[in-house]
Amino acid sequence: MCGIVGYLGNDRAYPILIDALKKLEYRGYDSAGIAIWRNGKIEVARKKGKVDELREICASGFEGTMGLAHTRWATHGTPSERNAHPHRAGDVVVVHNGIVENYIELKEGLRKDGHKFLSDTDTEVIPHLITNHLNKGADFAEAVRLSLAEITGSYALGIIHEKDRMLIAAKKESPLVLGIGDGEFFVASDAPALIGRTNRFIFLEDNDIAVMKDGSLRLMDVEGNEVERKVHVLHWSGAMAEKGGYKHFMLKEIFEQPMAISDTLIGRVKEEQGEVEFEELKLPGLKRIKRIWMVACGTSYHACLIGKQMLEANLRIPVEVDIASEFRYRDPIMGRDEMLILVSQSGETADTIAAMKEGKRRGAYVLSVCNVLGSTLARDADGVIFTHAGPEIGVASTKAFTTQVSALYLLMLHMGRKLGLMGNEVVRARIADIKKIPHKLQTLLDGAGSIEELGRKYMGFKNFLYLGRGINFPIALEGALKLKEISYIHAEAYAAGEMKHGPIALIDENMPVVVVSPNDQTYKKTCSNVEEVAARRGNILLFKDTDAHEMAAKANVVFHVPAVPYDLQPIVHIVPLQLFAYHIANLLGTDVDQPRNLAKSVTVE
Ligand code: AGP
């Protein structure tokens, strides 16, 4: 779960690589390294810590026009300089994201041939294998190909050779894109890392090997057959990957939500006709779909929990929701007349990809809801709906979540029409509802200054409870996740009615209880739960959308959220909770955009 980047061209490689590496830091940041080729010599620098620490030891800079760089999230071997990439054997230098599963056997064999290892990583076998084949007379590209055939596991690789100005990239089960410039090539773990350098990309497929030299590109597979891949043009601008005056990407991304939701609607909703269409989607005969599964991880899983409620209530099709890491191992009872919806910002989460493979194996129709064009889930699913959130850089997911919920709402309307369950009038009205959301969110954000003060008031507490019901129970889960992951404060979420079955024992004046309480069909029930907390002197933070909330007087803090129809409540109710978590974390001085131990896309199990 690391970030890799490579460059071959006529410009100085060092600033290009460092700049891209900073954008990939969300993938891991326990150590970093760089290798630069110049006049038949490769210079390597590695450092424990973040890319900025690497930059410090490279103060003199490197002058070459080809190189590789890596930011690491440790799997095999502790975070340390000796385990940091690039790894080298003889003339060959490698950066790797993935896991070489048979590295112990390979290492033993290589040791017998006299190879010496300097790190505890699985990766180090790769340059040694390549060197072995070079010693036996293979040329560089062939030596790489033969080495890859010996590896089991996953890899996204950048490889260079000291005596040959050639850049090789290879991919299997870890993401890798090629950026095509004018007489120059880029390699990166994702396309956003290269925003501003090029907008032309090739998304490599499993077993692809790309050989770049003298302005030309050759693509082959591990068997040595030539392959062709399409060049995609992305319309993301350089400014989208900058902080744009905000202190953190997370804050910028919270404030981008009105625009991100508008972008997710554009071109899909036809209000006058009462239709929702997805250009990129060809659903199968929906009448035969007997059951829908929704599978994802983390925040995307919370979007699925909301999706379940929307789809079941409006389409009357049973929906099962699963955490991807559970789904893949539990032998799900799934058949051909079922639909599997996978939700993922990155489209590269290993467990969600495994769930896709499982669904395909069982003959289900697989639909992905994804933010990243060219990602594995976008490419390999039977159908895809893109959330047009733009690049999400902060590790804590914000705008990806609200656009996922928006996309699922659109899917619900689309299916409702196709199944004949909703007439044009109904869909027209419901399109009008979601079209109002960006403006309502903007108003909420414009008036959210008081949340920083709330953060100051609550930053000293060690535990929080979050409560919600119905479609807003996932909002309690998501609000608690936001607080945990960026402020490192313990927070738990419960369905409000479940509190009395255990967690109520925790409540006293030192337990802040965040209550998501819109004026919906469960409002009265939640009022009773607020009473129960108040009776035990719990510290209540009430997020409500009615001026006449019966419990407002019992709450320590009240925050008003715009009233919207039931299915859309999660979108407006999560935003103040995102801001609450953000301000607490910022005031505590944590690393908001790159919280400890986390990575943005979890590409390992
Ligand atoms: C949430 O803030 C996290 N970034 C995490 O839970 C994330 O949602 C999860 O890892 C799934 O990622 P994906 O959407 O890219 O698949």
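Order of appearance sets the numbers: ligands from 1, and atoms from 1 within every ligand.
- The distance criterion of under 3.5 Å between nitrogen or oxygen atoms is met by K482 with respect to ligand 1.
- With hydrogens and angles disregarded, a donor-acceptor distance shorter than 3.5 Å links the side chain of R379 to the backbone of G374.
- In terms of protein heavy-atom proximity, atom 4 (N) of ligand 1 is nearest to V395 O, 2.7 Å.
- Proximity of a side-chain donor or acceptor of E452 to a complementary backbone N or O of G449 within less than 3.5 Å is not detected.
- In terms of protein heavy-atom proximity, atom 10 (O) of ligand 1 is closest to V602 CG2, 4.1 Å.
- When each atom of ligand 1 is checked for a heavy atom of A396 under 4.0 Å away, the hits are 2 (O).
- Side chain of K308 to backbone of E320: no donor-acceptor contact under 3.5 angstrom is found.
- Atoms of ligand 1 lying under 4.0 Å from at least one heavy atom of T299, given by number and element, are 1 (C), 2 (O), 6 (O), 8 (O).
- Of the protein's non-hydrogen atoms, T349 OG1, 2.4 Å is the one closest to atom 16 (O) of ligand 1.
- At a 3.5 angstrom cut-off on N or O pairs, G298 does not count as close to ligand 1.
- Per-residue contacts place E485 under 4.0 angstrom from the following atoms of ligand 1 (heavy atoms of the residue considered): 1 (C), 2 (O), 3 (C).
- Applying the 4.0 Å criterion to heavy atoms of S300 picks out, from ligand 1, the atoms 8 (O), 13 (P), 14 (O).
- Note: no N/O pair closer than 3.5 Å links Q404 and ligand 1 by distance alone.
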- Message: As a quick check of understanding, evaluate side chain to side chain contact (heavy atoms under 4.5 Å, CB included) for V321 and Y301, giving each step before the final call.
- Response: CA-CA 8 Å; V321 181; Y301 166 72; 3.5 Å; yes
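- Under 4.0 angstrom from ligand 1, there are no non-hydrogen atoms of E348.
- Counted by atom type alone, T71 and K22 present zero donor-acceptor pairs between their side chains at under 3.5 Å.
- Side-chain atoms of H583 do not come within 3.5 Å of backbone N or O of E453 as any donor-acceptor pair.
- Salt-bridge check for D331 with R362: passed, with a basic side-chain N closer than 4.0 Å to an acidic carboxylate O.
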